[in-house]
Amino acid sequence: MSDFDYDVLVIGAGPGGYVAAIRAAQLGLKTACAEGRETLGGTCLNVGCIPSKAMLHASEYFEAAAGGAMAAMGIKVKPELDLGTMHGQRKDAVKGLTGGIEFLFKKNKIDWLKGYAQFTSKDTVEVAGKSVRAKNIIIATGSSVTPLPGVEVDNDKQIIVDSTGALELAKVPGHMVVIGGGVIGLELGSVWRRLGAKVTVVEYLDQILPGMDGDVRKDANKIFKKQGMEFKLKTKVTKAAVASVKGGGKKAVLTLEPAAGGDAETLEADVVLVSIGRRPNTDGLGLDKAGLALNQRGQIETDHDFSTQVPGIWAIGDVIPGPMLAHKAEDEGIACAENIAGLTGIVNHDVIPSVVYTWPEIAGVGLTEEQAIEKAGGEKGEVKVGKFPMMANSRAKTNHEPDGFVKVIADAKSDRVLGVWCIASVAGTMIAQAAQAMEFGATSEDIAYTCHAHPTHSEAIKEAAMAVTGKPIHI
Ligand SMILES: Cc1cc2nc3c(=O)[nH]c(=O)nc-3n(C[C@H](O)[C@H](O)[C@H](O)COP(=O)(O)OP(=O)(O)OC[C@H]3O[C@@H](n4cnc5c(N)ncnc54)[C@H](O)[C@@H]3O)c2cc1C
């Protein structure tokens with residue numbers, strides 16, 4: 001290996017980086033991974049996907065018991081919230097999974113270089129005062145919370161927090177204001193609403209869940225409203241300040257303005273969650289020393305094989321363009337390592353599912369109806385849509401889960417499926433079959449004529465596919 005310390009050095013041990021490191025090691029490459037955090041697993045395992053799902057899962061049970069859903073099935077309970085234990089099980093989940101990655105690193109003989117890496121040249125980085133040279137360097141530094149001008153986050157004070165702070169609240173806020181109606185805001189807002197908070201979501205755009213299918217956005221808004229969330233759409237937050245309350249304690253006072261301009265109003269909150277998006281982590285990486293430039297959005301551009309403009313430097317995950325999702329980062333990690341090893345690693349970016357883990361769940365893959373029509377040059381007749389309500393799905397109805405629908409979008413001429421969107425209690429699980437069908441180039445007829453087990457929520461996907469040609473059975 002001449003004078004290189006490693007064949008592959010990965011910077012960042014999130015789902016992109018740790019998976020890339022494991023795949024590289026499996027392929028016989030001498031591999032190291034630099035990670036500055038105390039534990040492996042990145043945003044996803046430490047402060048993202050996993051802890052948020054731990055709180056979502058637990059709060060879902062609490063609400064089912066408190067809100068009458070269980071009583072409807074003949075189970076009468078009066079739940080008592082033990083928030084300390086709920087947080088404890090979240091921390092246990094994180095500890096178990098991050099420790100699991102450490103075990104996998106040892107098993108695959110991957111060196112964990114503890115510290116933040118900085119390029120000193122195109123093939124050398126410095127980590128914790130040590131210089132390390134590698135034939136290939138994969139940048140997998142991920143992303144962090146985008147700040148909002150005029151709103152200063154201080155997670156320790158637990159008044160104006162970001163997603164990391166919102167996972168750790170020591171008590172249920174009376175009123176929580178969520179700035180940003182995207183996935184993370186709606187998930188964490190749901191957690192605290194279920195546990196008893198009044199939740200108001202302030203969104204700059206005219207609808208929540210930007211990027212998702214129009215019908216899904218509208219229906220989701222209705223469902224969340226029915227659950228008690230309040231929405232202030234087309235509204236921007238220009239300032240948030242912490243103020244003392246008479247008789248002790250502190251509150252946040254927000255200044256809101258119509259997005260289009262107009263009179264300002266104020267809104268008080270016990271806790272404000274700032275969740276307006278995430279931005280790539282590139283500060284302090286010394287990219288200039290490596291000769292790497294960023295695009296206008298601060299991301300590292302790559303070719304389809306994840307190589308950058310500098311030979312030997314690769315990039316994956318949240319730091320490159322595309323949806324900021326753990327499974328996208330993981331698949332890119334595998335493909336990138338395979339390309340470094342001389343294999344052909346491919347990620348089909350047209351088929352990346354996305355899921356909102358609220359109740360019900362919301363999931364989609366491929367094009368929205370709006371995107372499909374736009375791609376067809378605005379010709380609505382080029383796109384066929386089949387919809388099926390969960391209310392008419394026997395399992396969802398029996399389980400008292402009537403909200404939502406499945407929507408299959410297909411090319412009118414070829415019948416090839418272009419996108420699938422669902423709102424259903426188990427939409428996150430259902431969407432996998434749609435992604436697989438699309439990966440295999442399925443038509444709506446292929447899905448419609450595939451035998452689905454009864455009674456399952458997935459039958460709604462079959463019926464929505466049947467509806468593309470106007471032949472669903474149960475509506
Ligand atoms: C609250 C929340 C919930 C989420 N839920 C989901 C979900 O349910 N499903 C989903 O798919 N996605 C979810 N996401 C998004 C998901 O976490 C990210 O898309 C994913 O973690 C990106 O992976 P990554 O490997 O690119 O980067 P990251 O996971 O961000 O990891 C990057 C790592 O690099 C390290 N690092 C950065 N710079 C350096 C350096 N110079 N040297 C050494 N180490 C460095 C960081 O410490 C970090 O650990 C969620 C995010 C949040 C915040």
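For ligands, and for the atoms within them, numbers begin at 1 and follow the listed sequence. This is a predicted model, so every value here is computed, not measured.
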*Asks:* Would you check, one step at a time, whether the test side-chain contact (heavy atoms from CB on, under 4.5 Å) holds for I313 with F119?
*Replies:* CA-CA 11 Å; I313 302 185; F119 281 94; 3.8 Å; yes

*Asks:* Any donor-acceptor pair under 3.5 Å linking the side-chain atoms of S143 with those of D318?
*Replies:*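 A donor-acceptor contact under 3.5 Å links the two side chains.
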
*Asks:* Does the side chain of N393 pick up a donor-acceptor pair with the side chain of E459 at under 3.5 Å?
*Replies:*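 On atom types as modelled, these side chains do not qualify, holding no pair under 3.5 Å.
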
*Asks:* Looking at L254, T255, T238, I160, which hits side chain to side chain contact (heavy atoms under 4.5 Å, CB included) with V151?
*Replies:*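 Per the side chain to side chain contact (heavy atoms under 4.5 Å, CB included) rule, the option paired with V151 is I160, out of L254, T255, T238, I160.
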
*Asks:* Anything with a heavy atom under 4.0 Å from ligand 1 counts, so go ahead and list those protein residues by chain and number.
*Replies:*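 Only I11, G12, A13, G14, P15, G16, G17, A34, E35, G36, R37, G42, T43, C44, V47, G48, C49, S52, K53, G115, Y116, A117, A140, T141, G142, S143, S163, I184, R278, L285, G317, D318, M324, L325, A326, H327, A329, Y357 have heavy atoms that fall under 4.0 Å of ligand 1, ordered by chain and number.
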
*Asks:* Taking only distance into account, with no hydrogens and no angle test, what donor-acceptor pairs under 3.5 Å do side-chain atoms of residues 344-351 form with protein atoms, sequence neighbours excluded?
*Replies:*
from : atom 1 : to   : atom 2 : distance (Å)
N348 : OD1    : D350 : N      : 3.0
N348 : ND2    : E439 : OE2    : 3.4
H349 : NE2    : E332 : OE2    : 2.7

*Asks:* Does the side chain of K234 come within less than 4.5 Å of Y204's, by heavy atoms?
*Replies:*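 No, too far: nothing below the 4.5 Å cut-off.
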
